[in-house]
Amino acid sequence: LSEFSSVIQKNGYAPRMRLLRVCTEPAAEITAKWLHLAPGAELIRVEKLYYADEAPAILSVAWLPRQIFQEAPTERDWAARNNFGLLYQQAGKIVTHDIVELSSASLQEMEAELSQSSGMTCQSVLCLTACAFDQENEPAIFGKAFYDTNRIRFQLFRSQEGDGA
């Protein structure tokens with residue numbers, strides 16, 4: 001698990017984040033399923049845009065169960081910290097692992113998920129849809145991250161399980 005600013009730095013850019021939107025909304029069926037909630041449960045939706053040397057590079061849309069926070073974080077809180085840090089600071093949850101699905105999306109498909117334009121200029125993006133789990137193996141965040149692959153590259157380390165047979 002890498003925080004978006006770290007991913008941008010590892011690609012040789014100076015990172016910057018801009019909070020686009022924070023709101024509450026009812027859980028859609030797929031989100032509720034991943035987060036082990038009833039459809040319609042109250043979620044906090046957080047949209048952030050990450051820049052690489054002042055160019056939009058990663059767009060993040062995250063949904064967190066409102067119930068995990070005693071008091072809802074403010075917009076200022078979301079703007080000041082990454083989602084993992086805020087989840088730890090205000091809910092005591094440490095994200096330890098996630099399940100990720102990789103797909104591609106057009107710029108138009110990505111922007112249909114947003115409250116406003118991202119400002120990205122690429123034609124397509126790499127989409128990581130993920131559910132992150134905490135130290136108790138409970139789902140804590142469901143989200144989508146859209147990467148401009150003209151700027152951001154990944155390296156994966158893979159190892160074979162078992163005896164290799």
Side-chain angles (χ1 to χ4, degrees), residues 1-11 13-102 105 110-120 125-148 151-152 154:
L1 294 170
S2 293
E3 196 276 320
F4 300 121
S5 292
S6 298
V7 170
I8 291 169
Q9 283 181 317
K10 288 177 184 175
N11 276 269
Y13 299 104
R16 178 175 66 86
M17 185 275 295
R18 180 169 64 103
L19 181 66
L20 299 178
R21 177 183 184 200
V22 175
C23 65
T24 57
E25 65 184 33
E29 189 173 330
I30 186 69
T31 308
K33 182 179 176 183
W34 274 106
L35 292 172
H36 301 172
L37 300 169
E42 187 177 20
L43 298 178
I44 299 173
R45 178 187 174 120
V46 182
E47 295 178 15
K48 294 181 177 183
L49 184 59
Y50 292 80
Y51 294 82
D53 286 349
E54 300 305 315
I58 303 172
L59 180 99
S60 164
V61 182
W63 293 269
L64 300 93
R66 168 62 185 91
Q67 68 192 30
I68 64 175
F69 297 99
Q70 287 186 3
E71 187 175 312
T74 66
E75 197 167 300
R76 186 176 181 180
D77 294 330
W78 291 109
R81 297 195 60 105
N82 69 58
N83 295 347
F84 297 149
L86 193 61
L87 191 59
Y88 174 69
Q89 180 186 44
Q90 294 202 12
K93 303 224 175 252
I94 301 169
V95 171
T96 59
H97 59 285
D98 62 358
I99 298 171
V100 179
E101 176 183 284
L102 302 172
M110 178 192 76
E111 298 224 333
E113 303 255 357
L114 302 177
S115 60
Q116 59 186 286
S117 171
S118 69
M120 286 187 179
V125 292
L126 175 65
C127 176
L128 275 66
T129 303
C131 187
F133 296 82
D134 68 14
Q135 71 272 26
E136 303 296 326
N137 202 31
E138 293 292 326
I141 303 175
F142 179 77
K144 294 184 178 185
F146 301 94
Y147 294 77
D148 178 347
R151 291 186 171 77
I152 305 299
F154 290 96

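The minimum heavy-atom distance between M17 and A79, with the atom names listed, is CE-O, 3.1 Å. A55 approaches R151 most closely through the heavy-atom pair CB-NE, 3.2 Å. The minimum heavy-atom distance linking G119 with E111 is given by the pair N-OE2, 3.8 Å.
Distance check: K10 NZ to I8 CD1 gives 12.0 Å after rounding to the nearest 0.5 Å.
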Would you tabulate the side-chain donor-acceptor contacts of residues 23-38 under 3.5 Å, counting partners in other chains and residues two or more places apart, or write 'none'?
unit_1	atom_1	unit_2	atom_2	d
E25	OE2	W63	NE1	2.7

Contacts under 3.5 angstrom, residues 40-50 side chains, donor-acceptor by atom type, not counting sequence neighbours:
unit_1	atom_1	unit_2	atom_2	d
R45	NE	E47	OE2	2.9
R45	NH2	E47	OE2	2.9
R45	NH2	E113	O	2.3
E47	OE1	S115	N	3.3
E47	OE1	S115	OG	3.0
K48	NZ	W78	O	3.0
K48	NZ	R81	O	2.7
K48	NZ	N83	OD1	3.0

Show me the side-chain donor-acceptor pairs of residues 127-142 shorter than 3.5 Å, one per line, residues at least two apart or across chains.
unit_1	atom_1	unit_2	atom_2	d
D134	OD1	E136	N	2.8
D134	OD1	N137	N	3.2
D134	OD1	E138	N	2.9
D134	OD2	K93	NZ	3.0
Q135	OE1	I94	N	2.7
Q135	NE2	G92	O	3.0
N137	OD1	H97	NE2	2.8

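Using a 4.5 Å heavy-atom threshold, the side chains of I152 and D148 count as separate. Side-chain contact between E75 and L19 is present, with heavy atoms from C-beta onward closer than 4.5 Å. Counting only heavy atoms from C-beta outward, the side chains of P15 and Y51 never approach each other to under 4.5 Å. Proximity of Y147 to I58: side-chain heavy atoms (C-beta onward) are separated by under 4.5 Å at one or more points.
Side chain of D98 to backbone of V100: no donor-acceptor contact under 3.5 angstrom is found.
Under the salt bridge (Lys or Arg N to Asp or Glu O under 4.0 Å) criterion, E71 pairs with no residue, sequence neighbours left out. With sequence neighbours left out, the side chain to side chain contact (heavy atoms under 4.5 Å, CB included) criterion links D77 to P73, T74, L86, Q90. Listed by chain and residue number, nothing satisfies the salt bridge (Lys or Arg N to Asp or Glu O under 4.0 Å) test with R18 (two or more places apart in sequence, or in another chain). Taking R66 as the reference, nothing meets the side-chain hydrogen bond (donor to acceptor under 3.5 Å, both in side chains) condition, with sequence neighbours excluded. With sequence neighbours left out, the side chain to side chain contact (heavy atoms under 4.5 Å, CB included) criterion links D53 to Y13, A14.
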Would L20 and L59 count as a side chain to side chain contact (heavy atoms under 4.5 Å, CB included) if you check the C-alpha gap in whole Å, the side-chain angles of each, and the deciding distance to 0.1 Å? CA-CA 10 Å; L20 299 178; L59 180 99; 3.7 Å; yes

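Residue F69 qualifies as enclosed at atom CZ: its count of foreign heavy atoms under 6.0 Å is above 12.
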